[in-house]
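We're numbering straight along the sequence, starting at 1.
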Amino acid sequence: MVGVFRRSLSFPNKPNPNRPSKPTLSRHTRSISLPCRSHPLISQLKDHISELQSWSSTCDSSSAWLVDGLTRLTELHHCLDDTLQLPQTQEALRRQPHYSSVENLLEQFLRFVDVYGIFRGSVLALKEEHSAVEVAIRKRDESRVGLYVKARKRMANEMSKLVNEVRMCTRSSESVSPNTVNVGDVELAAVVSDVVKVTVTVSVALFNGIALSFGPRKSTTWMNMGMMKKGKVDDRDQGIHEFEQVGVKSLLGLRKKGAEEVKVALKKMRELEASIEGIETCSERVFRSLINARVALLNTLTS
């Protein structure tokens, strides 16, 4: 026997006309746009840039200081290369109006690559002259020493030209236009611009240091003109310590020097050779990292 169940329907209470109604709330709907979080590689780039800026402010004009700067610069460009491989980075670069698209940035990196390519050749030529003059010092061959002195002056002139050339990279960047791009694009543009700036800073410190060490005693630095006008002297206006330890005067008049003086001169030459090799190795790494970064930019443009 199946029981029969009755359903009871319940209706809401009728509104009480005597009860005051709740006031209607006026709501204004806002569209909140939150900026997306930076990619971890962007944060790493900022850290590398900050480290190089600190490095520049603690100049001691030694070859070890330059090697440290070149090593940090290589790490920066390795990180930049990784960042440029990201699809979101490539998309952002393609819509950058303030770089006149990616072509302008490509020109900057092409200039960097060319400059470091010239530097490689200059260092190689100097090393050959350096090895030859060490033999000449032992033999007290003053004519060969004269050729070495000319080679140093020639390299100083080449380095001064490289300083002017690399400075051109800071003049080709256009200002960021935050009204036409999103927050992420502005951040990326600012970081890439800072990468260019610190690359110029390290490069000028290197080329200018050699130019001051091997050339006439006049400053070609561009970073401290204001301080120079005030009569202040900066370490970056004094050349590289290890390079200046081997002065022209110490190499001249070998036939009149005693055995101990020749021994001291050879020791300083070997120390200078070690400094040159350290700078050569690190600048070679910078050169390779610059090529990789430019290839990544070129792929962004052509893909």
Side-chain angles (χ1 to χ4, degrees), residues 29-56 69-117 119 165-204 282-303:
T29 303
R30 291 190 305 170
S31 175
I32 302 176
S33 178
L34 297 177
C36 58
R37 295 180 60 186
S38 299
H39 194 279
L41 286 175
I42 296 294
S43 298
Q44 290 181 28
L45 278 174
K46 290 181 178 180
D47 290 341
H48 286 305
I49 291 168
S50 179
E51 290 173 1
L52 277 169
Q53 290 170 339
S54 300
W55 167 88
S56 177
L70 290 169
T71 300
R72 293 177 185 273
L73 186 61
T74 301
E75 294 172 352
L76 169 65
H77 282 283
H78 283 329
C79 186
L80 176 64
D81 183 28
D82 292 339
T83 305
L84 292 173
Q85 305 297 332
L86 299 175
Q88 56 265 47
T89 302
Q90 296 175 0
E91 292 174 3
L93 285 174
R94 292 190 191 102
R95 58 177 180 259
Q96 292 296 312
H98 48 281
Y99 271 124
S100 300
S101 70
V102 188
E103 288 94 339
N104 189 33
L105 194 57
L106 276 169
E107 288 299 320
Q108 291 175 320
F109 274 83
L110 177 59
R111 192 183 298 273
F112 284 137
V113 171
D114 288 344
V115 163
Y116 273 87
F119 180 72
E165 188 70 19
V166 79
R167 286 177 59 189
M168 297 296 294
C169 292
T170 59
R171 299 174 185 174
S172 55
S173 297
E174 299 178 9
S175 60
V176 177
S177 179
N179 295 325
T180 58
V181 290
N182 61 43
V183 174
D185 289 356
V186 172
E187 182 183 36
L188 176 64
V191 169
V192 173
S193 178
D194 286 340
V195 168
V196 172
K197 290 176 183 177
V198 294
T199 302
V200 171
T201 298
V202 176
S203 303
V204 169
C282 292
S283 63
E284 175 71 20
R285 292 170 183 164
V286 172
F287 177 69
R288 299 292 180 187
S289 66
L290 287 168
I291 291 177
N292 292 337
R294 191 175 188 277
V295 169
L297 284 169
L298 189 60
N299 290 337
T300 297
L301 183 64
T302 57
S303 59

| task | Would you check, one step at a time, whether the test ring pair (Phe, Tyr, Trp, His ring centres under 6.0 Å) holds for Phe109 with His77? | result | CA-CA 11 Å; Phe109 274 83; His77 282 283; 5.8 Å; yes
| Between Arg294 (side chain) and Val113 (backbone), is there a donor-acceptor pair under 3.5 Å? | no
| field | Side-chain touch Val200/Phe112, heavy atoms, less than 4.5 angstrom | value | yes
| message | Which heavy atom of Gln90 sits nearest to which heavy atom of Gln85, and what is that distance? | response | NE2-O, 3.6 Å
| Minimum-distance pair of heavy atoms, taken over all atoms of Val166 and Val115 | N-CG2, 4.5 Å
| message | So which atom in Ile42 and which in Val191 form the shortest heavy-atom distance, rounded to 0.1 Å? | response | CG2-CG2, 4.1 Å
| query | With distance as the sole test, does Ser193 use its side chain to make a donor-acceptor pair with the main-chain N or O of Ala189 at under 3.5 Å? | reply | no
| Shortest non-hydrogen contact from Gly69 toward Leu52 | O-CD2, 3.7 Å
| remark: Nearest heavy-atom contact between Cys169 and Val196 is O-CG1, 4.0 Å
| request: Look up atom CZ in Arg288 and atom OH in Tyr116, then write down how far apart they are to the nearest 0.5 Å. | output: 14.5 Å
| query | Atom CG of Asp47 and atom CG of Leu41: how far apart are they, to the nearest 0.5 Å? | reply | 11.5 Å
| Is the shortest side-chain N to carboxylate O distance from Lys46 to Glu187 below 4.0 Å? | yes
| Close side-chain approach of Leu76 and Leu80, heavy atoms under 4.5 Å | no
| Between CD1 on residue Ile49 and CG on residue Asp194, distance to nearest 0.5 Å | 4.5 Å
| task | State, to 0.1 Å, how close Asp81 and Ala296 come at their nearest heavy-atom pair, and which atoms those are. | result | OD1-CB, 3.5 Å
| note | d(Ser43 OG, His48 NE2) to nearest 0.5 Å is 11.0 Å
| query | Would Leu70 and Arg285 count as a side chain to side chain contact (heavy atoms under 4.5 Å, CB included) if you check the C-alpha gap in whole Å, the side-chain angles of each, and the deciding distance to 0.1 Å? | reply | CA-CA 8 Å; Leu70 290 169; Arg285 292 170 183 164; over 6 Å; no
| At what distance, to the nearest 0.5 angstrom, does CD1 of Ile291 lie from CG of Leu298? | 12.5 Å
| field | Main-chain N/O of Val286 paired with Ser289 side-chain donor or acceptor, under 3.5 Å | value | yes
| Any luck finding a side-chain donor-acceptor pair between Gln108 and Asn104 under 3.5 Å? | no
| remark: So OG1 of Thr300 and CD of Glu91: to nearest 0.5 Å the spacing works out to 10.5 Å
| message | So that I can tick it off, tell me whether Arg111 and Glu107 are bridged by a salt bridge, with the cut-off set at under 4.0 angstrom between side-chain N and carboxylate O. | response | no
| query | Sub-3.5 Å donor-acceptor pair from the side chain of Gln44 to the main-chain atoms of Cys79, do we have one? | reply | no
| request: Keeping the roles fixed (side chain from Thr170, backbone from Lys197), state whether a donor-acceptor pair exists under 3.5 Å. | output: no
